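First comes the structure, then the notes that go with it.
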Amino acid sequence: MIDLLEKLVILKALFEKDKWSLRELSWRTGISEERLIEVINELCESYVIQRDGEFIAIASRDNPTKIKPWGWSIRHELVVGSTQVYARGLAPWSIVIAEHQIHGYGRHKRVWESNLGGIWATAVISLPADKSPYLNIAIPLVLQRVLRSIGVKTWIKWPNDIVFEERKLGGTLIEGVAFQDSITVYVGVGVNVNNYVGIPEATSLKKIIGLTPRNRVLAPFIGYLARVAKLVIEPSKLVDEYLSNLTTLNRVVVAETTDGIVEGRAVEVDEYGSLIVSTKSGAEVKLEPWRVIRLRHLD
Ligand code: ATP
């Protein structure tokens, strides 16, 4: 049985220096060379690790510290409670990326499983307060764009998930704090890349396309975030693109909301990201994302 702590000690060294010989890595971590080989074999399940003779390195394409986006300050941590909480201490245009979250959470503080090898990050952005509601559609959409651009036929499941063949591949989370006319938004993103996920309704890029260097997703995602203030200037364009990527559209759904159950066909999404559901009685009910605790597709 290989311990998480053992893996973390080795990862710490691998992120610290570009290349290690087995012997130096053993000295650095205090783990015997024989044991190192066993642990590294297991780490190779969740990371793109290069081995050249006795040299070991984490591939730079899988190393978030190698992303140097202009105008952003990047924090890389091995373990945090939640990147959403950590980000509260950061200035706008910072992003924290963790290898493991102890208390990762999703909407309504539901547990978000965050094992080694995934993308668990929160970006802090600042916007005029009146633009922030558009992020409900802009953020899932940019993650969707990135995943499609690497050849994975994903869809958005309203309000904030990215699914592949009905299985959850990733999710986004938007939390904000307003101050006068501007708002600081904590944009969380979780993508199952090469991590183990113990949830039957979930999937990962590794399962879909094989071991994937995380920067293929992370770098373009941060690139889109840098332009998000521009994106939300024309929300109507975003809505069209969001709708054409939305698997929930025209499906029968049941939503558990803060004021009861709503069942019907999903017919529209407005620019604030609210879902319009046409019920059996012919009424159209508007579901704001924050009001919906859970949404299921019934067909
Ligand atoms: P749900 O997926 O339950 O319909 P939701 O889309 O609002 O709800 P969130 O609350 O954002 O989801 O995320 C938490 C839920 O996601 C958990 O209840 C669990 O079912 C699922 N989940 C947790 N960790 C992962 C993960 N790493 N990958 C995919 N799904 C996950």
Side-chain angles (χ1 to χ4, degrees), residues 4 45-47 79-85 87 97-123 135-137 139-144 146-147 152 154-176 185-209 212 214 217-218 221 242 245-249 251-258 261-263 266 269 273-275 277 287-299:
L4 175 63
E45 296 288 316
S46 311
Y47 288 92
V79 187
V80 298
S82 150
T83 58
Q84 290 294 110
V85 177
I97 302 150
E99 295 302 318
H100 179 80
Q101 294 187 103
I102 309 164
H103 304 296
Y105 65 88
R107 290 182 351 107
H108 302 284
K109 297 274 159 51
R110 282 191 283 267
V111 173
W112 185 265
E113 206 184 273
S114 317
N115 294 318
L116 296 178
I119 292 176
W120 324 121
T122 300
L135 293 177
N136 289 331
I137 51 175
I139 298 299
L141 188 56
V142 296
L143 183 57
Q144 161 72 359
V146 170
L147 291 165
V152 184
T154 49
W155 292 92
I156 301 169
K157 176 185 173 252
W158 190 88
N160 65 328
D161 290 342
I162 304 292
V163 297
F164 175 83
E165 293 176 350
E166 304 286 315
R167 287 175 194 275
K168 193 141 117 186
L169 177 61
T172 56
L173 183 66
I174 296 158
E175 297 178 310
V185 185
Y186 302 94
V187 176
V189 60
V191 182
N192 299 316
V193 185
N194 304 311
N195 54 297
Y196 167 78
V197 214
I199 298 168
E201 303 79 31
T203 189
S204 65
L205 286 179
K206 186 181 172 190
K207 283 190 184 155
I208 305 167
I209 54 171
T212 305
R214 289 173 300 168
V217 174
L218 198 52
F221 182 74
Y242 183 93
N245 282 281
L246 185 68
T247 179
T248 308
L249 194 66
R251 293 176 73 170
V252 178
V253 298
V254 58
E256 187 192 323
T257 78
T258 46
I261 302 287
V262 176
E263 198 175 316
V269 171
S274 299
L275 185 72
V277 173
L287 298 176
E288 292 86 0
W290 56 267
R291 212 155 65 79
V292 176
I293 297 160
R294 261 209 168 98
L295 181 114
R296 296 267 169 267
H297 295 156
L298 293 183
D299 59 357

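One-based numbering, in listed order, for ligands and for the atoms of each. Values in this document were obtained by computation on a predicted structure and should not be read as measured data.
Taking every heavy atom of both residues into account, R107 and N160 meet most closely at CD-ND2, 3.2 Å.
Atoms of ligand 1 lying under 4.0 Å from any heavy atom of N160, numbered from 1 in the order shown and given with element: 6 (O), 11 (O). Residue-ligand proximity, D161 to ligand 1, at heavy-atom distances under 4.0 Å covers atoms 2 (O), 5 (P), 6 (O). Atom numbering of ligand 1 starts at 1 in the shown order; those under 4.0 Å from a heavy atom of R296 are 3 (O), 4 (O). For ligand 1, the atoms sitting less than 4.0 Å from at least one non-hydrogen atom of A202 are 28 (N), 29 (C), numbered in the order shown with element in parentheses.
By the 3.5 Å distance cut-off applied to N or O atoms, K168 is counted among the residues near ligand 1. By the 3.5 Å distance cut-off applied to N or O atoms, R110 is counted among the residues near ligand 1.
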Intermediate values then yes/no, salt bridge (charged side-chain N to carboxylate O under 4.0 Å, His left out), E166 and R251: CA-CA 13 Å; E166 304 286 315; R251 293 176 73 170; 3.0 Å; yes
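Distance remark: protein heavy atom not present below 4.0 angstrom from atom 20 (O) of ligand 1.
For atom 17 (C) of ligand 1, the closest heavy atom belonging to the protein is V111 O, 3.5 Å. For atom 26 (C) of ligand 1, the closest non-hydrogen atom of the protein is W112 CZ2, 3.6 Å. Looking at atom 24 (N) of ligand 1, its nearest protein heavy atom turns out to be E113 N, 2.8 Å. Atom 3 (O) of ligand 1 has its closest protein heavy atom at R294 NE, 2.9 Å. The closest protein non-hydrogen atom to atom 11 (O) of ligand 1 is R107 N, 3.1 Å. Closest to atom 25 (C) of ligand 1, if we only count protein heavy atoms, is I199 CD1, 3.5 Å.
Using a distance-only test at 3.5 Å, with no hydrogens or angles considered, no donor-acceptor pair links the side chain of Q84 to the main chain of Y105. Side chain of T154 to main chain of I162: no donor-acceptor pair is present (N/O by atom type, distance under 3.5 Å, no hydrogens or angles).
Residue-level proximity to ligand 1 for L173 is absent, since no heavy atom of it falls below 4.0 angstrom. Contacts between K157 and ligand 1 below 4.0 angstrom, taking non-hydrogen atoms only, involve the side chain exclusively.
Ion pairing of R214 with E99 is present here, as a side-chain N (NZ or NE/NH1/NH2) and a carboxylate O approach within less than 4.0 Å.
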